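In what follows, a structure is listed as structure tokens, so that the remarks can point back to it.
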There are 2 protein chains.
Amino acid sequence: MNQELAIKRLSELGHSTRLSIFRLAVKAGDKGLPVGAIQSELGASASTLSHHIHRLVAVGLIEQQRDGRILNCVANLDAMREVMAFLESECCTQLYFE
Amino acid sequence: MNQELAIKRLSELGHSTRLSIFRLAVKAGDKGLPVGAIQSELGASASTLSHHIHRLVAVGLIEQQRDGRILNCVANLDAMREVMAFLESECCTQLYFE
DNA sequence: TTTATACTTCTAGTCTAATGGAAATATAGG
DNA sequence: CCTATATTTCCATTAGACTAGAAGTATAAA
């Protein structure tokens with residue numbers, strides 16, 4: 001994983017509403033949960049939520065699957081693990097290669 | 001580690017200049033490196049660098065030790081590991097406790 | 001085919017971050 | 001003391017993020 005993408009993901013995760021969205025998605029498991037459920041859980045306006053979810057999708061942390069009228073948000077754990085692996089290998093030790 | 005602090009640290013790391021500062025500090029080891037060395041490495045203005053370093057210090061990711069006129073910036077790896085542990089335990093698995 | 005539901009996009013206001021020049025502060029050396 | 005170096009603080013500007021209401025789109029149901 002390159003630093004540019006890692007930075008984008010870190011900055012998306014570094015926002016209270018968005019981290020909460022991601023955690024709800026993780027908790028919801030493979031099938032994810034509807035945007036509406038996130039909204040009632042977090043209590044922000046629909047447009048604001050949509051905006052944050054869009055940003056998470058843009059950096060690959062969330063994926064969406066439509067089921068009729070409902071759009072389910074699914075956490076992409078691989079993307080999160082990539083971020084963690086980047087932090088581990090590039091930001092915690094003196095012995096990385098350039 | 002609580003979510004609020006984790007978010008602050010993530011958002012600080014989610015910035016190109018600041019992540020580079022942190023990585024330089026990690027690379028520099030226990031004694032860290034001077035603000036001036038960071039400046040010549042990254043090529044931003046002194047005031048901008050000082051601002052970013054201040055933010056990293058504020059969330060505990062960087063510590064500073066003065067040596068005469070020189071201020072050395074040292075990476076706080078424990079703080080980074082706390083962030084990673086938070087991501088691991090709270091943001092990657094369904095089985096966390098609330 | 002009309003109506004309801006679920007969500008997004010548009011638009012606009014407000015706030016905060018990022019940037020760097022200039023002035024200020026801290027320390028060291030002559 | 002006076003000067004040089006290292007860094008910060010102050011200040012102003014610019015850009016981008018956050019927020020939410022209103023209008024628009026997609027899908028389903030009656």
Side-chain angles (χ1 to χ4, degrees), chain A residues 3-25 28 31-76, chain B residues 3-25 28 31-76:
Chain A
Q3 172 156 329
E4 190 185 340
L5 182 54
I7 287 167
K8 283 185 186 171
R9 287 182 180 165
L10 287 167
S11 90
E12 296 308 322
L13 292 170
H15 183 280
S16 167
T17 302
R18 286 193 295 266
L19 187 64
S20 296
I21 291 169
F22 186 83
R23 291 185 66 182
L24 285 171
K31 296 184 177 169
L33 82 170
V35 173
I38 295 173
Q39 187 184 359
S40 49
E41 194 79 31
L42 300 183
S45 78
S47 60
T48 298
L49 253 311
S50 185
H51 164 248
H52 287 306
I53 291 168
H54 179 79
R55 293 182 63 113
L56 289 166
V57 170
V59 299
L61 284 165
I62 290 283
E63 289 168 358
Q64 293 185 298
Q65 294 169 353
R66 183 169 282 280
D67 178 19
R69 280 180 292 198
I70 290 173
L71 246 192
N72 285 294
C73 299
V74 185
N76 185 348
Chain B
Q3 172 157 331
E4 191 184 340
L5 181 53
I7 287 168
K8 282 185 186 171
R9 287 181 180 166
L10 288 167
S11 91
E12 297 308 322
L13 292 171
H15 183 280
S16 168
T17 302
R18 287 192 296 264
L19 187 62
S20 296
I21 292 168
F22 186 81
R23 290 185 67 183
L24 285 172
K31 295 184 177 171
L33 81 171
V35 173
I38 295 173
Q39 188 184 358
S40 48
E41 193 80 32
L42 300 184
S45 78
S47 59
T48 298
L49 254 312
S50 184
H51 163 250
H52 287 305
I53 291 168
H54 179 78
R55 293 183 63 114
L56 288 166
V57 170
V59 299
L61 283 165
I62 291 283
E63 289 168 357
Q64 293 184 298
Q65 293 169 356
R66 183 170 282 280
D67 177 21
R69 282 180 291 197
I70 291 175
L71 247 191
N72 286 294
C73 298
V74 184
N76 184 347

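Worth saying up front: this structure is predicted, and the values here are computed from it rather than measured. Just so it is clear: chains get the letters A, B, ... in the order the sequence lines come, proteins before strands, and each one is counted from 1.
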Touch class at under 4.0 angstrom, heavy-atom based, for A:His51 against every strand present: base
Touch class at under 4.0 angstrom, heavy-atom based, for A:Gln64 against every strand present: sugar-phosphate
Contact nearer the 5' end of DNA chain D, comparing A:Arg66 with A:Glu12: A:Glu12
Check whether any side-chain N or O of [X] sits under 4.0 Å from OP1 or OP2 of [N], and answer yes or no.
{"X": "B:Arg18", "N": "C:dA17", "result": "no"}
{"X": "B:Arg69", "N": "C:dT25", "result": "no"}
{"X": "A:Ser47", "N": "D:dA20", "result": "no"}
{"X": "A:Thr48", "N": "D:dT19", "result": "no"}
{"X": "A:His54", "N": "C:dC7", "result": "no"}

Could you tell me the separation between the [atom1] atom of [X] and the [atom2] atom of [N], rounded to a whole number of Å?
{"X": "B:Gln39", "N": "D:dT5", "atom1": "CD", "atom2": "C1'", "result": "12 Å"}
{"X": "B:Ile38", "N": "D:dT7", "atom1": "CD1", "atom2": "P", "result": "9 Å"}
{"X": "A:Ile70", "N": "C:dT8", "atom1": "CD1", "atom2": "C1'", "result": "16 Å"}
{"X": "B:Arg55", "N": "C:dT16", "atom1": "CZ", "atom2": "P", "result": "12 Å"}
{"X": "B:Asn72", "N": "D:dT8", "atom1": "CG", "atom2": "P", "result": "11 Å"}
{"X": "A:Leu49", "N": "D:dC18", "atom1": "CG", "atom2": "C1'", "result": "13 Å"}
{"X": "B:Ile21", "N": "C:dT19", "atom1": "CD1", "atom2": "P", "result": "10 Å"}
{"X": "A:Leu56", "N": "D:dA17", "atom1": "CG", "atom2": "C1'", "result": "14 Å"}

Within-4.5 Å side-chain heavy-atom neighbours: A:Glu41 and A:Ser20: no
A:Ile53 vs A:Gln64 side-chain heavy atoms within contact, under 4.5 Å: yes
Euclidean distance, A:Leu49 CG relative to A:His52 NE2, rounded to 0.5 Å: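 If we round to the nearest 0.5 Å, A:His52:NE2 and A:Leu49:CG are 7.5 Å apart.
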B:Leu56, B:Leu61, B:Val59, B:Ile62 screened by side-chain contact (heavy atoms from CB on, under 4.5 Å) with B:Arg18, the one that passes: B:Leu56
Contact summary for B:Val35 and B:Cys73, nearest pair of heavy atoms: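 Answer, listing the atom of B:Val35 first, then B:Cys73: CG2-SG, 3.9 Å.
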Any idea which of [options] is nearest the [X] side chain?
{"X": "A:Leu71", "options": "C:dT8, D:dA20, D:dT8", "result": "C:dT8"}
{"X": "A:Pro34", "options": "C:dC7, D:dT7, C:dA17", "result": "C:dC7"}
{"X": "B:Ala46", "options": "D:dT8, D:dT19, C:dT19", "result": "D:dT8"}

